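Keep in mind that this is a model prediction, so the values were computed, not measured.
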Amino acid sequence: MQYFICPRCGAKSSEKEFIDSFCVDCSEVKIKSPKENYFKIVRCKQCERALLKGEWQKASFSDIEAFIASKFKGEYERAEYSLQNGAVTFYVKKGEKIHSFEKRFKVDVGTGTCPDCGRISGGYYEAIIQVRTDDGNKTRIAQYATALEKRLSEKTFVSKVDEKKEGTDLYIGSSKAVVQYLHNSEIRALITRKLFGRREGRRLYRTTFLIRI
């Protein structure tokens, strides 16, 4: 059987991938790893968002793998990280041939609770949206409230939906998100505010938005 021997470490081509005359470990492919040789990523067990780049965002395991791979820089065509085997695979083009080699990199994906889910479980809210009609049409109210909940869930969380005789009340995590949505959608609402506490010397208000459709 014909094989090559690395002139630097003596490894055989039957044992390792070779790039030109050297094995992958001795070849002069420049790879810059993250400063930390270890990552810990927290994924919310309830909404399955992950804390990436300092923000909680929707992230599947494939998204997490792509995020880890993006942290490496160097002279390669592409990189792929596998949570299953804990290694980054680099694909390097030399001439017309694509070579691949692996680098071990430990990532610990733990579970936790994101701030939004923590607030939801605690019943936290900053705003109430009251959806009403003059004729009390419950079907119309329900359809409008459902659409409203869907839109606002893209920006904040809805901690509770309360069906009442006079209409539907939506309990929203962020009053700022409600104000922005109503402004962008040109929806008119009667706004009232009520003091409910203090935090670090600041007054905290809950805001009620009455919408008549």
Side-chain angles (χ1 to χ4, degrees), residues 39-71 83 107 109-213:
F39 270 1
K40 182 172 183 180
I41 293 176
V42 181
R43 198 163 183 253
C44 181
K45 58 188 176 183
Q46 294 175 314
C47 68
E48 298 185 344
R49 290 188 300 171
L51 185 59
L52 302 176
K53 300 178 182 178
E55 295 182 1
W56 288 92
Q57 51 189 283
K58 281 288 183 182
S60 64
F61 287 113
S62 295
D63 294 329
I64 292 173
E65 290 175 332
F67 171 76
I68 298 300
S70 72
K71 306 304 287 184
L83 286 167
V107 177
V109 180
T111 58
T113 303
C114 72
D116 282 353
C117 289
R119 288 169 181 161
I120 291 171
S121 62
Y124 178 87
Y125 65 95
E126 291 181 1
I128 302 174
I129 299 180
Q130 299 175 330
V131 182
R132 304 288 188 266
T133 60
D134 292 332
D135 58 6
N137 189 316
K138 291 186 177 181
T139 301
R140 225 169 115 222
I141 290 174
Q143 290 175 343
Y144 190 92
T146 299
L148 199 58
E149 180 183 4
K150 182 178 178 181
R151 296 296 183 188
L152 285 169
S153 294
E154 297 173 0
K155 301 296 182 182
T156 182
F157 61 88
V158 179
S159 59
K160 185 172 70 170
V161 178
D162 189 11
E163 303 287 348
K164 294 186 172 184
K165 182 179 178 181
E166 60 272 24
T168 299
D169 289 356
L170 303 174
Y171 291 75
I172 313 298
S174 169
S175 59
K176 183 179 178 180
V178 177
V179 171
Q180 289 177 340
Y181 174 76
L182 296 181
H183 175 75
N184 294 338
S185 304
E186 297 183 350
I187 297 173
R188 297 180 65 181
L190 178 63
I191 301 173
T192 56
R193 300 173 75 202
K194 183 178 180 182
L195 181 69
F196 75 94
R198 291 177 180 271
R199 182 188 298 159
E200 298 178 355
R202 292 174 54 244
R203 293 182 178 182
L204 300 178
Y205 292 89
R206 283 201 173 116
T207 308
T208 300
F209 301 83
L210 173 61
I211 299 175
R212 290 197 173 276
I213 59 173

Do side-chain atoms of Arg206 reach the backbone of Arg193 as a donor and acceptor pair under 3.5 angstrom?
no
I need the Glu154 CD to Thr156 OG1 distance, nearest 0.5 Å.
12.0 Å
Does the side chain of Lys164 come within less than 4.5 Å of Asp162's, by heavy atoms?
yes
Any Tyr125 side-chain heavy atom under 4.5 Å of Ile172 side chain:
no
Taking atom CD of Gln46 and atom SG of Cys114, what is their separation to the nearest 0.5 Å?
7.5 Å
Here the pair of heavy atoms bringing Thr113 nearest to Cys117 is CG2-CB, 3.9 Å
Return each pair, listed once, that meets salt bridge (Lys or Arg N to Asp or Glu O under 4.0 Å) where at least one residue sits in residues 49-67; pairs must be two or more places apart or across chains.
Arg49-Asp116
Leu52 backbone acceptor or donor facing Gln57 side chain under 3.5 Å:
yes
Could you give the distance from CD (Glu149) to NZ (Lys160), rounded to the nearest 0.5 Å?
13.0 Å
With Lys176 via salt bridge (charged side-chain N to carboxylate O under 4.0 Å, His left out) - residues at least two apart
none
Report the distance from atom OH of Tyr144 to atom CD1 of Ile129, rounding to the nearest 0.5 Å.
8.5 Å
I need the single residue from Thr146, Thr133, Ile211 that forms a side-chain contact (heavy atoms from CB on, under 4.5 Å) with Ile141. Which is it?
Thr133
Note, Thr207 side chain near Thr192 side chain (heavy atom, < 4.5 Å):
no
Residues which pass salt bridge (charged side-chain N to carboxylate O under 4.0 Å, His left out) with Arg140, listed by chain and number, not counting sequence neighbours:
none
Given side chains that start at C-beta, do those of Ile41 and Ile68 come closer than 4.5 Å, heavy atoms only?
yes
Kindly say whether Thr168 contributes a backbone atom to a donor-acceptor pair with the side chain of Glu163 at under 3.5 angstrom?
no
Step by step, work out the side chain to side chain contact (heavy atoms under 4.5 Å, CB included) result for Tyr205 and Glu126.
CA-CA 7 Å; Tyr205 292 89; Glu126 291 181 1; over 6 Å; no
Please step through side chain to side chain contact (heavy atoms under 4.5 Å, CB included) for the pair Trp56 and Val42, ending with a clear verdict.
CA-CA 9 Å; Trp56 288 92; Val42 181; 3.9 Å; yes
Charged tip of Arg43 within 45° of Phe61 ring normal and under 6.0 Å:
yes
Residues Ala50 and Ile64: closest non-hydrogen pair is CB-CD1, 4.4 Å
State, yes or no, whether a side-chain contact exists between Phe157 and Tyr124 at a heavy-atom distance under 4.5 Å.
yes
Row check, Tyr181 ring normal vs Arg151 NZ/CZ: under 6.0 Å, within 45°:
no
Side-chain heavy-atom pair Thr208, Ile191 within 4.5 angstrom cut-off
no
Could you check whether any side-chain heavy atom of Leu170 comes within less than 4.5 Å of a side-chain heavy atom of Ile128, counting everything from C-beta outward?
no
Between Leu182 and Phe209, is any pair of side-chain heavy atoms under 4.5 Å apart?
yes
